[in-house]
2 protein chains.
Amino acid sequence: MALAPPSGSFDLDSQTLRVVAAVAEYGSITRAATVLGYSQPAVSQQLKRVEARLGMPIVTRSGRGIRLTDAGEVLARHADAVLTALDAAAGELADLAGLRSGRVRLAAFPSASSTIVPRLIGALAAEHSGVQVTYLEAEPPEAVAGVRDGVSDLAVAFRHPADRHDPFDASAEGLTVHELARDDVLLLAPAGHPAASAGDPVDLAELRGENWIAGCPRCRGHLLDSCARAGFAPSIAFETDNFVAVMSMVAAGLGVALLPELAISASALPPGVTAHRTRAGDHRMLVAVTRPGADHIPAVAETLRLLTGLTAGGASARTGRAAQ
Amino acid sequence: MALAPPSGSFDLDSQTLRVVAAVAEYGSITRAATVLGYSQPAVSQQLKRVEARLGMPIVTRSGRGIRLTDAGEVLARHADAVLTALDAAAGELADLAGLRSGRVRLAAFPSASSTIVPRLIGALAAEHSGVQVTYLEAEPPEAVAGVRDGVSDLAVAFRHPADRHDPFDASAEGLTVHELARDDVLLLAPAGHPAASAGDPVDLAELRGENWIAGCPRCRGHLLDSCARAGFAPSIAFETDNFVAVMSMVAAGLGVALLPELAISASALPPGVTAHRTRAGDHRMLVAVTRPGADHIPAVAETLRLLTGLTAGGASARTGRAAQ
DNA sequence: CGCATCCATAACGTTACGTGATGGATGCCA
DNA sequence: TGGCATCCATCACGTAACGTTATGGATGCG
């Protein structure tokens, strides 16, 4: 038997239920409209549309007032369940936005692991205990790749602005890069070294004859680049990606080295070693990398904000200066 | 601490959840769009709008594919609950539309109580056992008032089309009147009465000298009206609203009477009484009265449909003819 | 018998939300 | 390693939904 209306699948929506529930509760279109923050005709027309869509009346107009039909009562009865479920979802979203929940997956390069990262995670935990933080130590290329692949949400990395061969920009292609702070690259020399005692900004050119101690492969690349800009090719005697070892070697008088201030601040500058800025102003920029748009995810945005604050005034501002 | 977006009350709606749930399930905007029956840009823009409204991303675009953010996963996780609740409501509405539930509150005048109404209720029960039916016997004015007041959904009543003083039309003002069937008003006379034996359509004018037996007040009004149109004022000897009593009086030779065929068919025509159509074609119209729009309520609409079928071909078609 | 209340309707502007067309980025595969 | 297919974003555009204010009719009340 076919009834007049199609009677097919009604596409109920929550707005409908909100309106019907209000009308049912207050027994009046006008009052429901007021409570919902609408004008009276808005609710009146809304009901009409729903009735047209459903093919059956929801309310019967009975002179001054109205009365719900069977269908109207069905809707009103179910409204609570639906709206409660919706509210639960909205509440959880509000938690996210309010950082009472959420998740950040961090990645950072090694010398940040013992400097910036602990402070960052500490600040996050202190201000937003509901936010889950995970951390992965990784060299910039891997950290950035992790962001790109969705394995991490935020990578702390660095780039050498003066170095046109720096592979960072290429690796971060298509991602969002937030500049955090300048991290000076300092010359480490044995105390009493002639070039060092000449004055604080040292000129690398005067050290062309020294033995050089290189760090990790990428640091080595930067060393070559800096010396090239100073007009010479360094003689590299030792290589190690262990910063502490580099400093120990300098202390032992085996040569001089370039190290970022942040790396130096990770441990104490050994006795017998002095650190000096270079006249060329060698430095790297600390950056945070996210997927485009991810910097609007509340937990990520807040992490970025804290990170910016922690690095304001220099990469190692709160750790104490390392340059003498 | 204030986060960038207002972070106020999000007004989630079910459509949002439907889209997010589909995207979450299929892991692709394009496939979600296909499944939902939309074009790909529709879903893409929908997501964008929701993100703008929420102030945070729902998906991260990761090259070819996409990935849900925390917020997206929250939405997807809650979507089931909300949509299930919505489906429950929609299902119950479908039951109503399909008449697997619903309610009709009937009212009808006395002589319908023993004729049309039992058959109607029986048919409803047989075809739609889920529909609840209540019945109230009431004279047309009260029955119609009950509809107007929302006490009844459908009143079976009648009106006398030829009678300009019939109060029915006034009482049904503003309600919806559905014509059901013609119900002839017959002259009852003792068997062998001269006027009756003259031929079947009798002329009321020939009965101007008879004693008349009137029925209920409204029937009495109709009697006066019919006789007036026949050119005389009847001499009313007896009055009773009991149809059986009227017939018995006619059988006893106390006078003649006008009774609707339906009333006659409610009980058997007593021996010694004959029924005859009038030359003027006296009749009343059986009608069903509902609130405007209520005739689209599935249960009411179906009742009306059955009622129309039951009365097709005359008010007492299936009860057997009463006129000789 | 006004008066206040409540709902329906009309007229209108804005926004939401579709569609189709198009282009860029990405992964796959020969 | 170039097509090639796939997936998403964006643009331009039309329609329908949905809100508003203004207005009118019906009803119940003092």
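These numbers were taken from a predicted model, which means no experiment stands behind them. Each chain gets a letter, A, B and so on, in the order its sequence line appears, and its residues count up from 1.
- Applying the salt bridge (charged side-chain N to carboxylate O under 4.0 Å, His left out) test to residues at least two apart or on different chains, none of the pairs has a partner in residues 135-146 of chain B.
- Pairs engaging residues 170-179 of chain B under the salt bridge (charged side-chain N to carboxylate O under 4.0 Å, His left out) rule: B/R159-B/E179 [sequence neighbours left out].
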Pair up each side-chain donor or acceptor in residues 75-82 of chain B with any protein partner under 3.5 Å, not counting sequence neighbours, and list the distances.
unit_1: B/R77; atom_1: NH1; unit_2: A/E92; atom_2: OE1; d: 3.4
unit_1: B/R77; atom_1: NH1; unit_2: A/E92; atom_2: OE2; d: 3.0
unit_1: B/R77; atom_1: NH2; unit_2: A/E92; atom_2: OE2; d: 2.6
unit_1: B/H78; atom_1: NE2; unit_2: A/E92; atom_2: OE1; d: 2.7

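- Taking all atoms of both residues into account, the shortest heavy-atom contact from A/L12 to B/A90 is CD1-N, 3.7 Å.
- Residue-level contact check: B/R49 touches the bases, meaning some heavy atom is under 4.0 Å from a base atom.
- Judged as a ring pair (Phe, Tyr, Trp, His ring centres under 6.0 Å), and not counting sequence neighbours, A/H296 has no contacts.
- Between the P atom of C/dC7 and the OH atom of A/Y26 lies a distance of 14 Å, rounded to the nearest Å.
- Between A/Y38 and D/dT20 there is no side-chain polar atom (N or O) within less than 4.0 angstrom of OP1 or OP2.
- When heavy atoms are screened at a 4.0 angstrom cut-off, B/S39 is found touching base atoms of the nucleic acid.
- Considering only side-chain N and O atoms, A/T30 lies nowhere under 4.0 angstrom from the phosphate OP1 or OP2 of C/dT5.
- Contacts classified as salt bridge (charged side-chain N to carboxylate O under 4.0 Å, His left out) and involving residues 36-52 of chain A (residues at least two apart or in different chains) are given here: A/E51-A/R61.
- Atoms CZ (B/R67) and C1' (D/dC8) sit 15 Å apart, rounded to a whole Å.
- A/Q46 places its CD atom 14 Å from the C1' atom of D/dT20, with the value rounded to the nearest Å.
- If you check D/dC8, C/dC7, D/dT20 against the side chain of A/I29, the one that comes closest is C/dC7.
- Here the C1' atom of nucleotide D/dT6 and the CD1 atom of B/I66 are 14 Å apart, to the nearest Å.
- Following rounding to the nearest Å, B/Q15 (CD) and C/dG18 (P) show an atom-to-atom distance of 6 Å.
- Between A/R53 atom CZ and D/dC18 atom C1' there is a gap of 12 Å when expressed in whole angstrom units.
- Atom CG in A/L47 sits roughly 16 Å away from atom P in C/dC6 (whole-Å rounding).
- Rounded to whole Å, the distance from CG on B/D13 to P on D/dC18 is 11 Å.
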Contact list (N/O, under 3.5 angstrom) for nucleotides 10-12 of chain D vs protein:
unit_1: D/dT10; atom_1: OP2; unit_2: B/K48; atom_2: NZ; d: 2.2

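- B/F168 has its ring centre no less than 6.0 Å from the ring centre of B/F158.
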